[in-house]
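Accompanying notes for the structure given below.
Labels below follow one simple rule: chain letters A, B, ... track the order of the sequence lines, proteins then strands, and each chain is numbered from 1.
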Amino acid sequence: MRVYNTLTGKKEDIVPLVPGKIGMYACGVTVYDVCHIGHARSAIVFDVMRKYLRFRGLDVKYVRNFTDIDDKIINRARQEGVRWDEVAKKYTDEYYADMDRLGVGRADVEPKATEHITEIIAIVRGLVEKGYAYVLDGDVYFEVKKFGDYGKLSKRDVEDMLAGARVEVDERKRSPMDFALWKSSKEGEPSWESPWGPGRPGWHIECSAMTMKHLGESFDIHGGGADLIFPHHENELAQSEAFTGKPFVKYWVHNGFITIDKEKMSKSLGNFFTIKEILDKFDPEVLRFFLLSTHYRSPIEFSDASLREAEVSIDRYYTTWIRTEDFLKESSEKVKTTAEEKPFEDLLSSFMDKFKEAMDDDFNTALALGLIFELIREANKFLDSRPSGQKAMELIRKASDLLVQSGGVLNIFNKKPDEWYDALMLTKKIPFSKADILERIRRRQEARQRKDWTEADVIRKELEDQGIILEDKKNGSVWRVMINR
RNA sequence: GGCGGCGUACCCAAGUGGCAAGGGAGAGGUCUGCAAAACCUUUAUGCAGCGGUUCAAAUCCGCUCGCCGCCUCCA
């Protein structure tokens, strides 16, 4: 398995620090507002990585944090006139609600900054003692120039950055690049006792404390959005390695942004969609599929049209699923071998290797999806050749097993077709109930038996106008929800 | 200004040296009472442009053009 490591700028073989085990940390969210789909991308990408690593037999410990104390939270609380911890609680709940709807699983440990104040203080104290940090009026700063490797993750040169000087200058600091490990609290602000007086942790130190506690001083994979590379991860790396004297993270993994009209989706530009907004119009599976249809490091342009395309693709999957189910239900004594059998069998036996190969190569979900659709096409082709007999059934059963297995890793295609259509009934706001539809199908079936094609077509048209498509099969008609309307 | 990335068909999108995955849309066809679904054929002698290296380049190197990101909070 290989992964692109931001630290080295190359794809590298994944060799766990402890054979058979993976320690993995992903930066979660600061709980001061509702999540947008950029947060969803990060959450989904690392959820799938975790699932795949497990699928490959690794014992994964996945940690994802909450930043529940921060200036933004304090500001938000001030604006809303509520306590800071109420803000944190509220948006933590919102986060869970969004993730649950999205189908993103919980991490193995979900630590909060405020639950690690003791550990944070211990690290800050250690850094002061080791001479990497200095105290100023109750604040503690990390002195960047003391850490020779500073800039190695984001490929930045400290001198260049100083020359650029877009950093807010606090005259008291020894260097503008120095960053806060501990911030003294003003009257009325949340605070914890510390050797430097009442205060709260700086932004980056919490991750060092939490990773160290839950994954050890060195661990395998650290992930997050690409916008966290600098300064957050750079600072995290510096303070962690300065404190322990050991390599902090083996593989740094960063996901690309979601763009709108080619521009990064962000709070400040205001061009963002919340997870809720999207899930009102699309099933969570559609968003997941869409996000996995592009490699995780590439930017992905967000639009309704793209989500509709994803919807069509998913529908193709469930349509095929129904075909395979129908096929397996029909008992077939007579054996009919077709010319399609051999190529189909070959594809089935090579599929899982190719799927693994795709996912092994830096979690190439887009390529993996391509393979899944190749399998779907071949399964349909095989069924079109009208085979029958035990062997044919075994092949189809194997195909659906492979689809379930690969879909399971990607956390897609995990519904039953019925559930997919139920979901579409809701998101497409179909005005008919299932009973309405079945009643019309029954009436149409009578008309068809009378060979009253006009009447049959009128009923079909009526359903079609409301977004329901009928398919006539040899033993009756079935309905589906129309996607493109 | 410094650093990094991207540009593949009508659209989305894989592909880091050896015949250009996959999906959508379009056209034609098979099947069907007609449809739908499915399948088949078709749609890039070509990968932003120009040079170079190589037996061989979308892939490596150089330059040019265009777009974007980070350098400040950000998934």
Quiz item: Across the strands shown, which category fits Asn364(A) at heavy-atom distances under 4.0 angstrom: base, sugar-phosphate, nothing?
Solution: sugar-phosphate
Quiz item: Taking OP1 and OP2 of A75(B), is either one under 4.0 Å from a side-chain nitrogen or oxygen of Arg64(A)?
Solution: no
Practice problem: Determine the interplanar angle of the Tyr317(A) and Phe413(A) rings, folded into 0 to 90°, and report it as parallel if under 30°, tilted if 30 to 60°, perpendicular if over 60°. | Solution: parallel
Exercise. Describe the nucleic acid contact of Thr319(A) in one word from base, sugar-phosphate, nothing, applying a heavy-atom distance below 4.0 Å.
Key: sugar-phosphate
Quiz prompt | Presence of Arg377(A) side-chain N/O under 4.0 Å of G22(B) phosphate oxygens OP1/OP2 | solution = yes
Quiz item: At under 4.0 Å between heavy atoms, what does Asn380(A) touch on the DNA or RNA strands: base, sugar-phosphate, or nothing?
Solution: sugar-phosphate
Quiz item: Paired with G26(B): which nucleotide, if any, by Watson-Crick or G-U wobble criteria at under 3.5 Å for both distances?
Solution: U42(B)
Exercise. Please state the P separation for the pair C47(B) and U41(B) - nearest whole angstrom.
Key: 25 Å
Quiz item: In Watson-Crick or G-U wobble terms, both distances under 3.5 Å, what is the partner of C3(B)?
Solution: G69(B)
Quiz item: What does U59(B) pair with, Watson-Crick or G-U, if both distances are under 3.5 Å?
Solution: none
Quiz prompt | Atom C1', compared across C31(B) and C12(B): separation rounded to whole Å | solution = 30 Å
Practice problem: Look at the side-chain N and O atoms of Arg316(A) and state whether any lies under 4.0 Å from the OP1 or OP2 oxygen of G23(B). | Solution: yes
Exercise. Report yes if at least one side-chain N or O of Asn255(A) is closer than 4.0 Å to OP1 or OP2 of A75(B); otherwise report no.
Key: no
Exercise. Check the geometry between Phe373(A) and G22(B) and answer yes if their rings are stacked (centres below 5.5 Å, planes below 30°), otherwise no.
Key: no
Quiz item: Does Lys264(A) make a side-chain N or O approach to OP1 or OP2 of C70(B) shorter than 4.0 Å?
Solution: yes
